[in-house]
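Encoded as structure tokens, the structure appears first; notes follow it.
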Number of protein chains: 2
Amino acid sequence: MSNVRLRDIAEKLGVSVTTVSRALAGYNDVAPGTRQLVLQTAREMGYYPNLTARHLQRRRTDTIGLVVDVTGPRFSDPLFSELLAGVGNQAAREGFDLFVATTLPNTEDELQAYRRLVRGRRVDGIIVVRTRVADRRVQFLLDHQFPFITFGRSTLADHLSWVDVDGEQGVRLVVERLIAAGHRHIAMLQPDLPFMFALFRERGYRHALQAHGLTVEQGWIVHQPLTEDGGYQGMRRLLQLPVPPTAVVASNDQMAIGAIRASEICLLPALSLEGYSTCEIRKYR
Amino acid sequence: MSNVRLRDIAEKLGVSVTTVSRALAGYNDVAPGTRQLVLQTAREMGYYPNLTARHLQRRRTDTIGLVVDVTGPRFSDPLFSELLAGVGNQAAREGFDLFVATTLPNTEDELQAYRRLVRGRRVDGIIVVRTRVADRRVQFLLDHQFPFITFGRSTLADHLSWVDVDGEQGVRLVVERLIAAGHRHIAMLQPDLPFMFALFRERGYRHALQAHGLTVEQGWIVHQPLTEDGGYQGMRRLLQLPVPPTAVVASNDQMAIGAIRASEICLLPALSLEGYSTCEIRKYR
DNA sequence: GTGAAAGCGCTAACAG
DNA sequence: CTGTTAGCGCTTTCAC
């Protein structure tokens, strides 16, 4: 029942492996009778093709590679769950499998993971998530002329295929909402790595303030890891400023939650609500 | 530079493919001189083994399969990000790759995904996440005698390998905390599918109430999808009860967030805090 | 319509 | 120590 090969079907039927292969593949140069026989026998014997063998012969794996950033050996942005659901779902619809690796961003391990996918011919193409300034992964893939697309823009080659959200516009909307709510001291929790999205968002932040005649004070842009603790630490630092902000825009849900936690401790619940609202940034996309 | 095979190295050096293979694999039946030569040439030519070919020949893929539940084509529990980071990290350490598929739980698609992994010999073993009562996936894997472990216990065979958290104890702690805080009307937001974890948690819930002489009123256990909207809807229903609860235990972060949202609308912020605290359930594990 | 033969790139048993 | 031989299971010319 479980390890049936083309050969087994062929022998049982007294035909050649080639014929079985062709019948199963749906080629039309097989006699209708033979085809029926093969199809039925295959079903009876519980045939299922060995995908590895097929991949080797076809020189393609029908698999897409996805390397996701983790913030620690056991933590990663919850956002990736959604990403994975979206990508996985669509890939399945198109008949593709998904190969996933997890590594710390900007490390040698990360590049190693890409090398494995590309050089080991493990996948046919790659999705690069959360691009960074001077992204080594993008450079690597360009160097190898390997098919890939990025989620996020890139500084390296503007001719590559990418998908992105308008973070500049998103943060501008957030900041304007805060301004409309009466805030004048608005801070920003940025990541500690040079992610591309941070550039655009900072631009939106500055433009929004500027457009309303507000200035960005010293210390209002804090760089921290994209974690709850990063948000917590960043918020603490903000609250110790001579002129602490009354609202803050965080880079992701986790930082926002950390920021809320820090602000609750300081008995400034107003802050927490504003911080939390930035969780919705991706809904503005 | 990029599609070098063992044969290319062999021809360049005038030795056999076998020798190259063995030298690279580190077998000790290769002359030190030859080995050096092979190693160096391989490096120079940028050799990297074709993993597919290796897998076919070795009849193992060094890959672990992971099928994660999604709650919709584009949504999935943020918890899976952490799961993925943990599994991915450890798998990499042990020299294993990760194959990930996403499907809706308890559907034909889901079983199809498992069939692909198992029958297509795409992976060497599988991790089943979030077991359910009478889990068809577990049954399938048992039927095929395929190596797997489950995250979550199972009703099907208690001799299989599993890892689990003590949800009964976790929820008991949560409920006792609520009782200690003065609550007497404590409700529970349960999933709408027969996940195993729900059984244990409900047991913990009932035991805790019972131990304090409290009874579970009609309608206090609400079944909803494990989503923010599920939590929202469930909470709304709870708030419409003749005797609405003053605290609620949610099944996951998303339901808790939805519950908070529903309770805020009803101007019962006290509820939201209690609901939120259940986000920490997994920290009690 | 069907089969024989070749080969994807690698590993392993077996001689020598 | 090294090479020859024989596959892994599948697809794909190319004859017949």
Side-chain angles (χ1 to χ4, degrees), chain A residues 2-39 41-42 45-63 95 97 116-124, chain B residues 2-39 41-42 45-63 95 97 116-124:
Chain A
S2 209
N3 258 7
V4 191
R5 301 157 303 166
L6 287 185
R7 178 138 81 105
D8 299 319
I9 302 177
E11 283 174 356
K12 180 154 194 171
L13 256 39
V15 299
S16 76
V17 170
T18 316
T19 301
V20 177
S21 172
R22 278 191 296 228
L24 256 26
Y27 284 91
N28 53 2
D29 59 351
V30 177
T34 318
R35 144 154 312 125
Q36 278 314 311
L37 215 54
V38 169
L39 256 43
T41 314
M45 298 178 78
Y47 172 75
Y48 201 100
N50 180 316
L51 267 12
T52 305
R54 177 177 284 177
H55 294 162
L56 176 59
Q57 146 68 31
R58 287 205 183 139
R59 259 144 299 176
R60 51 177 292 188
T61 59
D62 290 329
T63 303
D97 287 331
R116 188 172 177 76
L117 297 190
V118 173
R119 308 299 315 283
R121 263 132 287 176
R122 200 83 173 73
V123 300
D124 294 343
Chain B
S2 206
N3 258 7
V4 190
R5 300 157 304 167
L6 286 185
R7 179 139 79 104
D8 299 319
I9 302 177
E11 283 174 357
K12 180 154 196 172
L13 256 40
V15 298
S16 76
V17 170
T18 316
T19 301
V20 177
S21 173
R22 277 190 297 227
L24 256 25
Y27 284 90
N28 54 3
D29 57 352
V30 176
T34 317
R35 144 154 311 126
Q36 277 315 311
L37 215 53
V38 169
L39 256 43
T41 313
M45 299 178 77
Y47 172 75
Y48 200 100
N50 180 316
L51 267 12
T52 305
R54 177 178 284 177
H55 293 163
L56 176 59
Q57 144 67 32
R58 286 206 183 140
R59 257 145 301 176
R60 50 177 293 186
T61 59
D62 289 331
T63 303
D97 286 330
R116 187 172 177 75
L117 297 190
V118 174
R119 308 299 314 284
R121 264 131 285 175
R122 199 84 174 71
V123 300
D124 293 344

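Residue numbering restarts at 1 for every chain, and letters A, B, ... go by the order of the sequence lines. Note: hydrogens, waters and symmetry copies are ignored here, and every other heavy atom, side chains too, is used.
- Taking all atoms of both residues into account, the shortest heavy-atom contact from B:T61 to B:R121 is CG2-O, 3.6 Å.
- In this structure A:T41 satisfies the side chain to side chain donor-acceptor pair (under 3.5 Å) test with no other residue, sequence neighbours excluded.
- Judged as a side-chain hydrogen bond (donor to acceptor under 3.5 Å, both in side chains), not a single pair has a partner in residues 24-37 of chain A (not counting sequence neighbours).
- Here A:T34 lies in heavy-atom contact (under 4.0 Å) with sugar-phosphate atoms only.
- In this structure A:T52 satisfies the side chain to side chain donor-acceptor pair (under 3.5 Å) test with no other residue, sequence neighbours excluded.
- Pairs passing the salt bridge (Lys or Arg N to Asp or Glu O under 4.0 Å) check and including a residue from residues 9-25 of chain B, sequence neighbours excluded, read B:R7-B:E11.
- At a threshold of 4.5 Å between non-hydrogen side-chain atoms, the residues B:R116 and A:Y48 count as touching.
- In this view, B:R122 and A:L51, A:H55, A:T63, A:D97, B:F99, B:L117 satisfy the side chain to side chain contact (heavy atoms under 4.5 Å, CB included) rule, not counting sequence neighbours.
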Distances for protein N/O vs nucleotides 10-13 of chain C N/O pairs under 3.5 angstrom?
residue: C:dC10; atom: OP1; partner: B:Y47; partner atom: OH; Å: 2.7
residue: C:dC10; atom: OP1; partner: B:N50; partner atom: N; Å: 3.3
residue: C:dC10; atom: OP2; partner: B:L6; partner atom: N; Å: 2.7
residue: C:dT11; atom: OP1; partner: B:R54; partner atom: NE; Å: 2.9
residue: C:dT11; atom: OP1; partner: B:R54; partner atom: NH2; Å: 3.2
residue: C:dT11; atom: OP2; partner: B:S21; partner atom: OG; Å: 3.0
residue: C:dT11; atom: O4'; partner: B:Q57; partner atom: NE2; Å: 3.4
residue: C:dA12; atom: OP2; partner: B:Y27; partner atom: OH; Å: 3.1
residue: C:dA12; atom: N6; partner: B:T18; partner atom: OG1; Å: 3.0

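- A nucleotide of DNA chain D counts as in contact with chain A when one of its atoms lies under 4.0 Å from a heavy atom; the first and last such, 5' to 3', are D:dG9 to D:dC14.
- Rounded to 10 degrees, the angle between the two end axes of the helix from C:dG1-D:dC16 to C:dG16-D:dC1 is 40°, with five pairs used at each end.
- Among residue pairs with one or both ends in residues 48-59 of chain B, none qualify as salt bridge (Lys or Arg N to Asp or Glu O under 4.0 Å); sequence neighbours excluded.
- With sequence neighbours left out, the side chain to side chain donor-acceptor pair (under 3.5 Å) criterion links A:N50 to no other residue.
- By the side chain to side chain donor-acceptor pair (under 3.5 Å) test, A:S16 is found to be paired with A:T19, residues two or more places apart in sequence or in another chain being considered.
- Mapping B:R121 and B:S16 onto DNA chain D via the closest heavy atom, the residue that lands nearer the 5' end is B:S16.
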